[in-house]
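Keep in mind the model is a prediction, meaning the values are calculated, not measured. Here is how names work: the chains are called A, B, and so on, in the same order as the sequence lines, proteins then strands, and each is numbered from 1.
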Protein chains: 2
Amino acid sequence: MVQYNETRLDASFAALSDATRRGVLEQLSRADASITDLAGKFHMTLTGMKKHVGVLERAALVTTEKAGRVRTCRLGMRALEEEAAWIERHRQLWSARFDALDKIVEHLKSKEKADARRKRR
Amino acid sequence: MVQYNETRLDASFAALSDATRRGVLEQLSRADASITDLAGKFHMTLTGMKKHVGVLERAALVTTEKAGRVRTCRLGMRALEEEAAWIERHRQLWSARFDALDKIVEHLKSKEKADARRKRR
DNA sequence: GTTATACTGAACCATGTGGTTCAGTATATA
DNA sequence: TATATACTGAACCACATGGTTCAGTATAAC
């Protein structure tokens with residue numbers, strides 16, 4: 001049985017629910033960046049960007065390290081795996097359900113046809 | 001180029017960031033349910049559950065229909081597809097990045113060995 | 001027609017979010 | 001040593017969230 005860390009899922013889906021943060025992840029997938037870099041790219045104050053990075057960090061999607069006065073942000077290892085697993089599992093439940101529905105519809109249709117045939121006789 | 005509906009992603013990741021709501025989706029993947037059913041199963045007032053269902057509905061993860069006095073909730077069609085696509089794409093960017101890193105490390109390692117060999121001579 | 005059921009909406013509460021400004025501290029650079 | 005850079009933290013703002021209670025309305029059951 002698959003077991004999820006519910007609080008981590010909470011944190012990471014919440015982190016992904018903001019377009020700026022998704023942009024930051026995209027950016028970091030190209031290259032590491034400082035807070036200043038990111039703040040510039042997303043037209044935001046340093047403080048504002050620091051908060052976003054904090055959210056991503058708490059969700060373990062990003063790690064940071066400070067060297068001298070600059071804090072470098074990079075993607076977290078193993079990121080998005082649990083999230084992808086959750087979504088994939090539920091996509092499967094989803095489609096199983098819709099397949100079942102299809103079968104019922106199919107069944108009703110064929111019964112309908114049979115009834116029509118019976119009536120014609 | 002893949003194009004995402006950013007505001008829908010916002011809404012659906014936010015909807016997924018709550019364990020109760022993820023539970024509701026799981027429940028609905030087994031069978032349709034009324035607000036009362038769900039409220040009972042998650043030990044919550046009707047009003048509270050109504051709000052959660054509202055969030056899921058606004059994210060188009062769930063649809064509802066009222067017949068008489070009971071509102072039946074069911075999974076939305078096409079749900080989670082865009083979300084899965086976003087996550088998968090970024091998992092790929094992620095691993096591409098880590099692969100690149102691996103190559104660099106590999107390169108450094110082989111250079112180290114070469115240096116060591118040169119020194120020994 | 002009365003009563004029970006199922007939902008709905010408004011209002012409230014504490015806490016979190018996305019952003020800001022302002023006033024720092026720490027580290028480079030000239 | 002003086003100055004510029006890079007970040008940090010506190011405090012504030014308006015608004016959203018996750019929950020409640022209370023007072024309704026609409027529909028079903030007796």
Round to the nearest Å and state the distance from B/Lys50 atom NZ to D/dT25 atom P. 16 Å
If you check the A/Arg69 side chain, which of C/dT20, C/dA4, C/dA28 turns out closest? C/dA28
For atom CG of A/Leu38 and atom P of C/dG18, their distance in whole Å: 16 Å
Is the phosphate of C/dT17 approached by A/Arg21 (side-chain N or O, under 4.0 Å from OP1 or OP2)? no
Taking CE from A/Met49 and P from C/dT20, how many angstroms apart are they, rounded to a whole number? 10 Å
With DNA chain C as reference, determine whether A/Thr45 or A/Ala14 sits nearer its 5' end, using the nearest nucleotide of each. A/Ala14
Taking any heavy-atom pair under 4.0 Å as a contact, classify B/Thr47: base, sugar-phosphate, or nothing. base
With respect to the phosphate group of C/dT8, does any side-chain polar atom (N or O) of B/Lys51 fall under 4.0 Å of OP1 or OP2? no
Distance in angstrom units between A/Leu46 CG and D/dT5 P, rounded: 12 Å
Is A/Arg71 near enough to D/dT8 that one of its side-chain N or O atoms lies under 4.0 angstrom from OP1 or OP2? yes
About how many Å separate CG of B/Leu16 and OG of A/Ser17, when rounded to the nearest 0.5 Å? 10.0 Å
Using distance alone, with no hydrogens and no angle criterion, decide if B/Asp37 and B/Ser34 have a side-chain donor and acceptor under 3.5 Å apart. yes
Over 60° means perpendicular and under 30° means parallel, so classify the ring planes of A/Trp86 and A/His90, tilted if in between. parallel
Polar side-chain contact A/Thr20-C/dG18 base: donor and acceptor under 3.5 Å: no
List the atom pairs, with distances to 0.1 Å, where a side-chain N or O of residues 52-64 of chain B and a protein N or O form a donor-acceptor pair under 3.5 Å, not counting sequence neighbours.
{"unit_1": "B/His52", "atom_1": "ND1", "unit_2": "B/Arg21", "atom_2": "NH1", "d": "3.3"}
{"unit_1": "B/Glu57", "atom_1": "OE2", "unit_2": "B/Thr64", "atom_2": "OG1", "d": "3.0"}
{"unit_1": "B/Thr64", "atom_1": "OG1", "unit_2": "B/Arg71", "atom_2": "NH1", "d": "2.8"}

Heavy-atom nearest nucleotide on DNA chain D for B/His43 versus B/Arg58: which residue maps closer to 5'? B/Arg58
Whole-Å gap separating P (C/dT5) and NZ (B/Lys66): 16 Å
Nearest-angstrom distance from the residue atom CG of A/Asp10 to P of C/dT15: 18 Å
Run the side chain to side chain contact (heavy atoms under 4.5 Å, CB included) check on A/Leu38 and A/Met44 step by step: do they pass? CA-CA 8 Å; A/Leu38 295 171; A/Met44 193 174 295; over 6 Å; no
Write down the distance between CZ (B/Arg22) and C1' (D/dG18), rounded to a whole number of angstrom. 14 Å
For B/His52 and D/dA16, give me the distance from atom NE2 to atom P, rounded to whole Å. 17 Å
Touch check for B/Gly68, heavy atoms < 4.0 angstrom, all strands: base, sugar-phosphate only, or nothing? sugar-phosphate
